[in-house]
Structure formats: structure tokens, C-alpha cells
Student: 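If you scroll down you'll find the structure; I have some questions about it.
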Amino acid sequence: MFYNVLNYPLQEPASRIQNLEVIITDYSPDLFMICELNNEAGADNILNIMQYANSNYQRAVFQFNMSDDNIGDQNELQNMLYYDSSKFSLESQTIVASSYRDFNHYILKIKTVDADTNPIYLDVFVSHLKSSSGTTNQQLRLAMVNDFVAYLETLPNHRNVVFGGDLNIYTSSEPAFQELIDTNNNITFVDPADRVGSWHNNINYIDVFTQSTRTQNGLGGATGGFDDRFDFILTSENMLTNTDLFYVPDSYQVYGNNANSNCYNGEINTANCDGSEFNFTIRDALYYMSDHLPVTLELQTPEALSVETPTYFNGIKFVGSNVVSEQLQLKITNSAIDNLTIYNTLGQKIETLKTKNVANLAIDVSKLASGIYYILTSNKLIKPLKFVIQ
């Protein structure tokens, strides 16, 4: 999954992280590429909510953008990669400087059974090209891509490459996109969706539109409604034919996009954007999280993974619903549980409760704010419980 997270965490409200949690919990990406991350605290916030869903998630090292040092040195928009460490190991990461913003290069190795003797590597690049229309901005995007392509010349041309980014490109005829798909390059990219064309304000491409999720002001980002394809995951051409690691045909999807023509120029959480694939809960979370939709695809390897499935002890469960307003009730049957700790989605500790020799526990939650919370124990093998205050 690639996602523009819209100036996170500086863009208010802070509760947007709860919307991201809904998205991550639903899709559970093995690799999560993002742009418009502001700072390392934000990177940690996102990792925290991801680890609630899957404790195997890890992230790359946070690095400030260095490409704009000579044109403002604001360093306010960074890229990041999160990954399921039970399936991948992060072998290295490199900043690829350009004329405007960095490209970030991450080399991952898949944790296959025979990874030591027959390793399979994946090169992941994350990018955010210059925004806005007009010839000047087109040339800035092209200059960035030229720097990127020059870096790719240093790699072996057989590498498995995934390129995720907010490319801000309005049509495939734009020079920056043409440079990316140029077959004379050392590594040629393809559009796995096979939807090359003039996307901007063209309802025929609504199935791959990613921006804007809204028309309402005051939420940050663009407010033009659903009419552009800015966000992409491109793959190297060889990933359509490789046998050890390959793109799964027809798996490319814009997450949250029901390809409903009535959604054109509309807001993603309205009835005009209904469909069988993505329900209102998902689309509403996307609406409030960002002005972009994520892009997803699937990769497959025939090799066996050396994945260890964690075993969780039983012994703690909800009595009744986990959606409450006044009181949360738990039943505890594991005598090894001495205490429970409640956390919010920012990872902040709310309360610790002693549970030694307690079989039934009623927790007063009436004074807590609405939102999602987690109950953890000191035993790492006991899966966290999630509850919602409504």
C-alpha cells in the first residue's frame, strides 16, 4: 500500500490517527509506503497503531528530506516505509537526492525458507513529486525523475523494483511519466493497472482516481472533489514476467474507490460513492484521514516463507460488547495476569488496573473521550484487546 498521509501529524485534528488505524486494520499491508510525513514523532505514532494490529510491524530509519536544502530547507515532507518483519528484513536504505525532494530507496529481503542460499530481494522506492499544473511544475517533476532514473542506472537491470508515490501527474503524456516508462532506461517501469492515458477530469478513469476525497474546506489538502489520479504504485517491467517474485494480475486497486461514476467530483464518504467493495465506515475513515486515497497491489512468490505464527494465551475476554459508553466488563480466567493497562491510539497510558485473583472486572470508562482504546498486559504473548467508547 502507498498512501499520502497529508502532513501527518501537523495537520489537525490529532484524532486522524484513529482513522488510519481503521484503514490499516482492515487492509493489513505487508509493506506500507507513505509520503507527507512531517516528523519522527509522527512516524512513531503510525508504528504504534500498526503494532496494535500486528506486533511484527517495523519501520525504516526516519530521515529528513535533504533535496530542498538549497531552495528553502524546510524539510517538512518526508517519506517512510513500514514492513511486516515476519515476512521481510530491511537490508539497507538510501536517500536519492533530486532537484526538489528525496526519493527514498529501501532494499528488502523476503524471509523465505532458503533465503540464505537463494535470496529474493525487493527494491522499494518512495517519492513525492512536485505538485500543481503548468509547464514550470512539469519541468520540475521531470528534473526530479531524471535524477531518479540516473540513480537507477547504478542498479542491475534484473532487480525487482516497486515505485510508490504521489506523482502529481495529470496525464501519461507528461514528460516525467514518459521518462519513467522509457524502454531505453536501465530499469523500465510499467503501470500494473494498465490505465495509461489522460486522467485529469476524465470520468473514464474514475476507477484509478485517488484525489480529492472531499470538497469541504477546513480539513487540509485539496478540496476539488474526486477527479484526479495522482497516486501510483509502478513496478519494474520484469515483475510482470518474473517467476520468483511477480505482480499478481488484476490486483492493482485504489483502496476506497468503488469505481462509481456518480462519485465524480464528489466526496468519497457520500452515497454517490457507494459500492460493494468499500463500505461507508472505510470511506468515512479515508475522508477524514487524507485528501488522497491509498493505492494497493499484490506481489507473489512461489517460495515458502519461514513465517512463525505467534501463539497467544487465552484468559481475557469481553463480557458483552466491546463498544461501550459507561462501563466495560471483562472476564479473566488466566491467573498469571496481574494487571491490565489501557492505552489510547497515540500509545499514551490511560490507566493501570490490578487484576490479581480477579475473575470479573468492571471498568468505569464514562470519563474517557470517545475513540478507540487498547488493553494490554505485561505478558507479550497475550494479544491486546481493542474497545471503542461511543
Student: Is the shortest side-chain heavy-atom distance between Val190 and Ile181 below 4.5 Å?
Tutor: no
Student: Can you name the residues that form a side-chain contact (heavy atoms from CB on, under 4.5 Å) with Asn39, not counting sequence neighbours?
Tutor: Pro9, Leu10, Ala41
Student: I need the minimum non-hydrogen distance between Thr301 and Asp244, along with the two atoms involved.
Tutor: OG1-O, 2.7 Å
Student: Does Lys349 have any salt bridge (charged side-chain N to carboxylate O under 4.0 Å, His left out) partners at least two apart in sequence or in another chain, and if so, which?
Tutor: none
Student: Please state whether the rings of Phe232 and Phe177 are parallel, tilted or perpendicular, taking 30° and 60° as the class boundaries.
Tutor: tilted
Student: Please tell me if the side chains of Leu108 and Leu31 come closer than 4.5 Å, counting only heavy atoms from C-beta onward.
Tutor: yes
Student: Run the side chain to side chain contact (heavy atoms under 4.5 Å, CB included) check on Leu6 and Arg16 step by step: do they pass?
Tutor: CA-CA 10 Å; Leu6 183 60; Arg16 284 198 300 144; 3.8 Å; yes
Student: Checking Glu91 against Ser89: is there a side-chain donor and acceptor pair closer than 3.5 Å?
Tutor: yes
Student: State whether a side-chain donor-acceptor pair under 3.5 Å links Asp231 with Thr210.
Tutor: yes
Student: Report yes if the side chains of Asn272 and Asn260 come closer than 4.5 Å at any heavy-atom pair, otherwise no.
Tutor: no
Student: Can you confirm whether the side chains of Asn339 and Thr355 place a donor and an acceptor under 3.5 Å from each other?
Tutor: no
Student: Under the salt bridge (charged side-chain N to carboxylate O under 4.0 Å, His left out) rule, collect the residues that match up with Arg214, sequence neighbours excluded.
Tutor: none
Student: Would you please say whether a donor-acceptor pair under 3.5 Å links the side chains of Tyr247 and Asn242?
Tutor: no
Student: When you group the ILVMFWY residues by side-chain heavy-atom contacts below 4.5 Å and let the links chain together, are Leu167 and Leu140 in the same group?
Tutor: no
Student: Can Leu219 and Gln216 be said to form a side chain to side chain contact (heavy atoms under 4.5 Å, CB included), step by step?
Tutor: CA-CA 7 Å; Leu219 297 173; Gln216 178 182 337; 4.1 Å; yes
Student: Return the minimal non-hydrogen interatomic distance between Asn65 and Tyr100, and the atom names on each side.
Tutor: ND2-O, 4.0 Å
Student: Show the nearest heavy-atom pair for residues Tyr57 and Met50, with the distance to one decimal.
Tutor: CD1-O, 3.1 Å
Student: Please tell me if the side chains of Asp147 and Ser99 come closer than 4.5 Å, counting only heavy atoms from C-beta onward.
Tutor: yes
Student: Please list all pairs meeting disulfide (SG to SG under 2.5 Å) that have one or both residues in residues 205-275, counting only residues at least two apart or in different chains.
Tutor: Cys263-Cys273
Student: Please report the interatomic distance CG(Asp228) to CD1(Ile206), rounded to the nearest 0.5 Å.
Tutor: 11.5 Å
Student: Classify the side-chain pair Glu277/Asn258 by whether it contains a donor and acceptor separated by less than 3.5 Å.
Tutor: no
Student: Are Tyr205 and His200 close enough that a side-chain donor and a side-chain acceptor fall under 3.5 Å?
Tutor: no
Student: Listed by chain and number, what are the salt bridge (charged side-chain N to carboxylate O under 4.0 Å, His left out) partners of Asp44, not counting sequence neighbours?
Tutor: Arg59
Student: With clusters built from Ile, Leu, Val, Met, Phe, Trp and Tyr whose side-chain heavy atoms come within less than 4.5 Å, directly or transitively, what are the remaining members of the cluster of Phe280, listed by chain and number?
Tutor: none
Student: Mind checking whether Tyr121 and Leu299 sit in one hydrophobic cluster, side chains of I, L, V, M, F, W, Y counted as touching below 4.5 Å?
Tutor: no
Student: Side chains of Gln63 and Gln93: any donor to acceptor distance under 3.5 Å?
Tutor: yes
Student: In residues 357-371, what donor-acceptor pairs under 3.5 Å come from side-chain atoms, sequence neighbours left out?
Tutor:
residue: Asp364; atom: OD1; partner: Ser366; partner atom: N; Å: 3.0
residue: Asp364; atom: OD1; partner: Ser366; partner atom: OG; Å: 2.7

Student: Charged N to carboxylate O under 4.0 angstrom, Arg229 versus Asp207?
Tutor: no
Student: Please check if any side-chain donor atom of Thr188 sits under 3.5 Å from a side-chain acceptor atom of Thr183, or the reverse.
Tutor: no
Student: Angle class for the Phe189/Phe163 ring planes (parallel below 30°, perpendicular above 60°, tilted otherwise)?
Tutor: tilted
Student: Looking at Ser306 and Val113, would you say the former's side chain and the latter's main chain have a donor-acceptor pair under 3.5 Å?
Tutor: no
Student: Mind telling me whether Phe32 and Tyr82 have parallel, tilted or perpendicular rings, with 30° and 60° as the class edges?
Tutor: tilted
Student: Counting distance only, does the side-chain N/O of Asp166 pair as donor-acceptor with the main-chain N or O of Asn4 below 3.5 Å?
Tutor: no
Student: Tell me, please, which residues at least two apart from Pro249 pass side-chain contact (heavy atoms from CB on, under 4.5 Å).
Tutor: none
Student: Any side-chain heavy-atom pair from Thr345 and Lys386 closer than 4.5 angstrom?
Tutor: no
Student: How is the hydrophobic cluster of Tyr170 composed, in terms of its other members, when Ile, Leu, Val, Met, Phe, Trp and Tyr link through side-chain heavy atoms under 4.5 Å apart, directly or indirectly?
Tutor: Phe230
Student: With a 4.5 Å heavy-atom cut-off, do Gln300 and Leu245 have their side chains touching?
Tutor: no
Student: Grab the two heavy atoms, one from Cys35 and one from Ser127, that are nearest each other, plus how far apart they are.
Tutor: CB-O, 4.2 Å
Student: Would you say the side chains of Asn238 and His158 form a donor-acceptor pair under 3.5 Å?
Tutor: no
Student: Please check if atom CG in Asn265 has more than 12 non-hydrogen atoms from other residues, nucleotides or ligands closer than 6.0 Å.
Tutor: yes
Student: Is the backbone of Asn48 close enough, under 3.5 Å, to the side chain of Asn45 for a donor and an acceptor to pair up by distance?
Tutor: no
Student: What is the minimum heavy-atom distance between Asp227 and Tyr264, and which atoms define it?
Tutor: CB-CE1, 4.0 Å
Student: In this structure, which one of Phe2, Phe278, Tyr3 forms a ring pair (Phe, Tyr, Trp, His ring centres under 6.0 Å) with Tyr255?
Tutor: Phe278
Student: What salt bridge (charged side-chain N to carboxylate O under 4.0 Å, His left out) pairs are there with at least one residue in residues 167-183, not counting sequence neighbours?
Tutor: Arg141-Glu174
Student: Check the side chains of Asn79 and Asn104 for a donor-acceptor pair under 3.5 angstrom, ignoring hydrogens and angles.
Tutor: yes
Student: side-chain contact (heavy atoms from CB on, under 4.5 Å) with Asp194: which residues, sequence neighbours excluded?
Tutor: none
Student: For this output row, return yes or no: ring centroids of Phe148 and Phe103 closer than 6.0 angstrom.
Tutor: yes
Student: Does the side chain of Gln211 come under 3.5 Å of the side chain of Asp291 through a donor N or O and an acceptor N or O?
Tutor: yes
Student: Taking atom CD of Glu12 as the centre, report whether more than 12 heavy atoms of other residues, nucleotides or ligands fall under 6.0 Å from it.
Tutor: no
Student: Under a 3.5 Å threshold, yes or no: a donor from one side chain and an acceptor from the other, between Tyr287 and Glu267?
Tutor: yes
Student: Within the side chain of Ser236, is there an N or O that forms a donor-acceptor pair under 3.5 Å with the backbone of Ile187?
Tutor: no
Student: Below 4.5 Å, heavy atoms only, C-beta onward: do Gln18 and Ile49 meet side chain to side chain?
Tutor: no
Student: Apply side-chain contact (heavy atoms from CB on, under 4.5 Å) to Thr223 and list each qualifying residue two or more places apart in sequence or on a separate chain.
Tutor: Asn217
Student: Strictly distance-based, threshold 3.5 Å: is any side-chain N or O of Ser172 a donor or acceptor partner for the main-chain N or O of Gly197?
Tutor: yes
Student: I'd like to know if the side chain of Asp191 and the backbone of Arg195 have a donor-acceptor N/O pair within less than 3.5 Å.
Tutor: yes
Student: Checking Ser85 against Gln58: is there a side-chain donor and acceptor pair closer than 3.5 Å?
Tutor: no
Student: Under 4.5 Å between any side-chain heavy atoms of Thr296 and Tyr252, yes or no?
Tutor: no
Student: Please confirm whether the backbone N or O of Val22 pairs with a side-chain atom of Thr25, one donor and one acceptor, at under 3.5 Å?
Tutor: no
